[in-house]
Amino acid sequence: MGTQIQADLCIMTRLLGYVDLSEPHFVAAVLAIVFNPLFWNVVARWEHKTRKLSKAFGSPHLACYTLGGAILLLNVLRSHCFTQAMLSQPRMQSLDNPAVYHVGLALLGVGGVFVLSSFLALGFTGTFLGDYFGILKEARVTMFPFSVLDNPMYWGSTAIYLGWAIVHASPTGLLLTALVALIYMVAIVYEEPFTAEIYQQKASQAYKRS
């Protein structure tokens, strides 16, 4: 365990040697990575508590589509900031070779499969927090990719960022990908119990009606 920790610290120290943490594009990428899950969780919980978005837009579906559109735009901005941060800082020579490049491409492909298949399995409202708007599914989705991985949308997205960083031989990208993974892990811990509670409430209400 001690050897592993030392190795991890050595890798992190080496990556930090390539990265200017105060560079504006890097700071913008960090802010975007942290802000996005915070935004959608705060707004979705506020909607679940107050239903004000559903009232303002006239229906929960339209409100959910609007939030989903905002999340998509924010994710485009996050990806742009991520890319600009990589391009503004040095490449790592040891990553800049064809074999590693193809590993990056493979990660992009795998990540893309998980993200797209998650979206197809959940649908738009299932992907973009429809359960917080009262748009609930009849049963938990268990088809691929949920049959092989929990939270495949988040981990697929992380794989895409990792692949993109490797393709660019970017230590900055690797560092930002680690932050993406960390923020998603926090989001999962924050979201899963609340989502489970929503469905428990649904089951309780159905039991009382029966």
Side-chain angles (χ1 to χ4, degrees), residues 4-5 7-8 11-12 15 29-45 64 67-83 85-86 95 100-132 137 139-199:
Q4 181 63 47
I5 292 174
D8 291 344
I11 292 170
M12 186 63 68
L15 289 178
V30 169
L31 291 175
I33 289 167
V34 172
F35 175 77
N36 284 14
L38 177 64
F39 166 79
W40 71 60
N41 272 290
V42 169
V43 172
R45 288 205 178 201
C64 182
L67 177 61
I71 292 171
L72 285 172
L73 290 174
L74 285 170
N75 286 345
V76 169
L77 176 63
R78 178 180 61 182
S79 297
H80 172 74
C81 292
F82 187 101
T83 302
M86 289 195 300
L95 294 176
V100 175
Y101 179 84
H102 285 96
V103 169
L105 290 181
L107 284 167
L108 284 169
V110 170
V113 167
F114 277 117
V115 169
L116 180 59
S117 59
S118 296
F119 180 81
L120 293 175
L122 293 172
F124 191 95
T125 57
T127 299
F128 293 106
L129 303 163
D131 38 12
Y132 289 70
K137 292 190 171 296
R140 182 179 179 181
V141 176
T142 57
M143 68 178 70
F144 181 85
F146 295 90
S147 57
V148 299
L149 184 68
D150 289 333
N151 304 291
M153 181 71 75
Y154 282 167
W155 298 125
S157 176
T158 302
I160 289 173
Y161 280 117
L162 178 58
W164 195 230
I166 291 174
V167 163
H168 284 81
S170 173
T172 299
L174 294 177
L175 201 60
L176 290 173
T177 300
L179 179 62
V180 169
L182 176 62
I183 294 300
Y184 278 157
M185 285 190 285
V186 172
I188 289 167
V189 170
Y190 188 70
E191 291 170 6
E192 286 195 337
F194 195 77
T195 302
E197 183 181 342
I198 291 173
Y199 279 90

List the atom pairs, donor and acceptor, that lie under 3.5 Å between side-chain atoms in residues 159-167 and the rest of the protein, sequence neighbours left out.
| from | atom 1 | to | atom 2 | distance (Å) |
| --- | --- | --- | --- | --- |
| Y161 | OH | R78 | NE | 3.0 |
| Y161 | OH | S79 | OG | 2.9 |
| W164 | NE1 | T83 | OG1 | 2.9 |

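- Nearest heavy atoms, P152 versus S118: CG-OG, 3.2 Å.
- Residue pairs that meet the side chain to side chain donor-acceptor pair (under 3.5 Å) test with at least one member in residues 119-132, sequence neighbours left out, do not exist here.
- Looking at L105 and L108, their side chains come closer than 4.5 Å, going by heavy atoms from C-beta outward.
- Not counting sequence neighbours, the partners of L120 by the side-chain contact (heavy atoms from CB on, under 4.5 Å) test are L116.
- Under the side-chain hydrogen bond (donor to acceptor under 3.5 Å, both in side chains) criterion, S157 pairs with Y184, not counting sequence neighbours.
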Show, in sequence, the C-alpha distance, side-chain angles and deciding distance for Y101 and H168, and conclude whether the side-chain contact (heavy atoms from CB on, under 4.5 Å) test is met. CA-CA 8 Å; Y101 179 84; H168 284 81; over 6 Å; no

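- Counting heavy atoms from C-beta outward, M185 and W155 have side chains that approach closer than 4.5 Å.
- The distance from the OG1 atom of T158 to the CG atom of L107 is 11.0 Å, given to the nearest 0.5 Å.
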Please report the C-alpha distance between N75 and I71 in whole Å, then the side-chain angles of each, then the deciding distance to 0.1 Å, and finally whether the side-chain contact (heavy atoms from CB on, under 4.5 Å) criterion is met. CA-CA 6 Å; N75 286 345; I71 292 171; 3.7 Å; yes

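- With sequence neighbours left out, A187 forms a side-chain contact (heavy atoms from CB on, under 4.5 Å) with P37, N41, Y154, E191.
- Taking CG of L182 as the start and CD1 of I33 as the end, the distance is 10.5 Å to the nearest 0.5 Å.
- For L74, the side-chain contact (heavy atoms from CB on, under 4.5 Å) partners two or more places apart in sequence, or in a different chain, are F35, N36, F39.
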Residues L176, T172; criterion side-chain contact (heavy atoms from CB on, under 4.5 Å); working and verdict: CA-CA 6 Å; L176 290 173; T172 299; 4.0 Å; yes

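- Considering all non-hydrogen atoms of both residues, F82 and G173 come closest at CZ-O, 3.4 Å.
- Residues forming a ring pair (Phe, Tyr, Trp, His ring centres under 6.0 Å) with F119 (at least two apart in sequence, or on another chain): none.
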Please report the C-alpha distance between F114 and N151 in whole Å, then the side-chain angles of each, then the deciding distance to 0.1 Å, and finally whether the side-chain contact (heavy atoms from CB on, under 4.5 Å) criterion is met. CA-CA 10 Å; F114 277 117; N151 304 291; over 6 Å; no

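- To the nearest 0.5 angstrom, S117 atom OG is 8.0 Å from M153 atom CE.
- In this structure the side chain of P171 never reaches within 4.5 angstrom of the side chain of L175, judged on heavy atoms.
- Residue-environment remark: CZ (F144) exceeds the threshold of 12 foreign heavy atoms within 6.0 Å.
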